[in-house]
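One structure below.
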Amino acid sequence: MAAKMELAPLRPWDDFFPGADRFAKPEFGDLTKWNNRVISNLLYYQTNYFAVVVVVFLIVGFLNPFGMFLGGAVVTLVFMGSVWAGENKATIKNFKRKNPTLFVIGVMVSSYFLLSLCGGVLVFIFGITFPLLLTLIHASLRLRNMKNRLENKIEGVGLKKTPMGIIMDLLDQQEEKMNKIQDFIESKLKE
């Protein structure tokens, strides 16, 4: 049974930026662990990330409204086209599932190329790429806490659906987490 989509709560800013002791360099050698940290933080802090992105969008949009509209439209169309291609072409779907970061980078490079044809590169860099980079850096460095892990498990088993969860579904990232959650639950039941 599909759950209704609901917005995740805005996490307290002192939890979002708690202090240096809750941030650590990711293990670059273990890409699976790093990917799980990023996905968990994206799901848990999604409303905070959205707020940061909106603030940067508004600042850049205020300075260059047409360029921001054009940049947003191009990135949205390229993302929708790549998701459609990923759903309808087996090779792209496989690539998207195995290399989600490269897939997103491919979407961004394609968007950059299209915007360079229109002359909107600076707006793309500051209005779209910069907020995504800030989000990725925070999600990579922020250590998870117990509430973060619990919320992600609830969303992973389908009891709750959020906008970031839907985006992760489009990037084929939830299926892997579902298998891990199922293994976790089964191991706890055996204990």
Side-chain angles (χ1 to χ4, degrees), residues 1-5 7-8 26-47 49-50 52-54 56-57 67-140 152-153 155-158 160-183:
M1 182 168 127
K4 291 182 186 178
M5 185 174 75
L7 292 176
E27 293 182 36
F28 296 111
D30 189 356
L31 291 179
T32 304
K33 192 172 182 180
W34 183 17
N35 189 45
N36 287 337
R37 180 193 287 188
V38 169
I39 289 172
S40 294
N41 284 329
L42 286 174
L43 289 170
Y44 187 69
Y45 294 113
Q46 62 187 284
T47 307
Y49 292 138
F50 182 70
V52 170
V53 167
V54 166
V56 174
F57 271 35
M68 193 62 194
F69 174 76
L70 179 66
V74 167
V75 171
T76 300
L77 290 173
V78 170
F79 181 74
M80 288 172 39
S82 61
V83 167
W84 177 84
E87 294 299 318
N88 294 309
K89 303 287 182 189
T91 54
I92 295 174
K93 185 173 188 152
N94 241 356
F95 177 78
K96 183 173 67 168
R97 181 176 294 130
K98 291 180 182 175
N99 305 299
T101 305
L102 289 177
F103 180 76
V104 171
I105 289 171
V107 168
M108 298 307 288
V109 167
S110 301
S111 300
Y112 175 84
F113 175 73
L114 289 173
L115 282 171
S116 68
L117 296 175
C118 304
V121 173
L122 284 177
V123 172
F124 174 79
I125 290 172
F126 290 110
I128 297 168
T129 307
F130 184 64
L132 291 177
L133 182 63
L134 288 176
T135 300
L136 180 63
I137 290 170
H138 184 275
S140 293
N152 291 334
K153 288 185 188 341
E155 177 150 350
V157 294
K160 184 166 93 173
K161 264 298 181 214
T162 61
M164 186 63 76
I166 292 170
I167 291 171
M168 291 296 163
D169 283 340
L170 291 173
L171 294 173
D172 287 331
Q173 291 302 295
Q174 293 294 78
E175 186 175 309
E176 183 179 319
K177 288 181 71 70
M178 283 296 295
N179 293 336
K180 289 180 181 177
I181 290 167
Q182 182 179 356
D183 293 343

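The figures that follow rest on heavy atoms only: side chains count, while hydrogens, waters and symmetry mates do not.
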Could you list the donor-acceptor pairs under 3.5 angstrom formed by side chains in residues 71-79, with sequence neighbours left out?
| residue | atom | partner | partner atom | Å |
| --- | --- | --- | --- | --- |
| T76 | OG1 | G72 | O | 2.7 |

For V56, all residues meeting side-chain contact (heavy atoms from CB on, under 4.5 Å), sequence neighbours excluded = V60, F130, P131
How would you list, by chain and number, every residue that makes a side-chain contact (heavy atoms from CB on, under 4.5 Å) with F69, sequence neighbours excluded?
-> none
Is the closest side-chain heavy-atom distance between V53 and T135 below 4.5 Å?
-> yes
Under the ring-ring contact (aromatic ring centres under 6.0 Å, His included) test, which residues partner W84, sequence neighbours left out?
-> none
Can you name the ring-ring contact (aromatic ring centres under 6.0 Å, His included) partners of F50, sequence neighbours left out?
-> none
Using the test side-chain hydrogen bond (donor to acceptor under 3.5 Å, both in side chains), find all partners of S140 that sit at least two apart in sequence or belong to another chain.
-> W34
Looking only at heavy atoms, the pair that brings A139 and N41 closest together is O-ND2, 2.9 Å
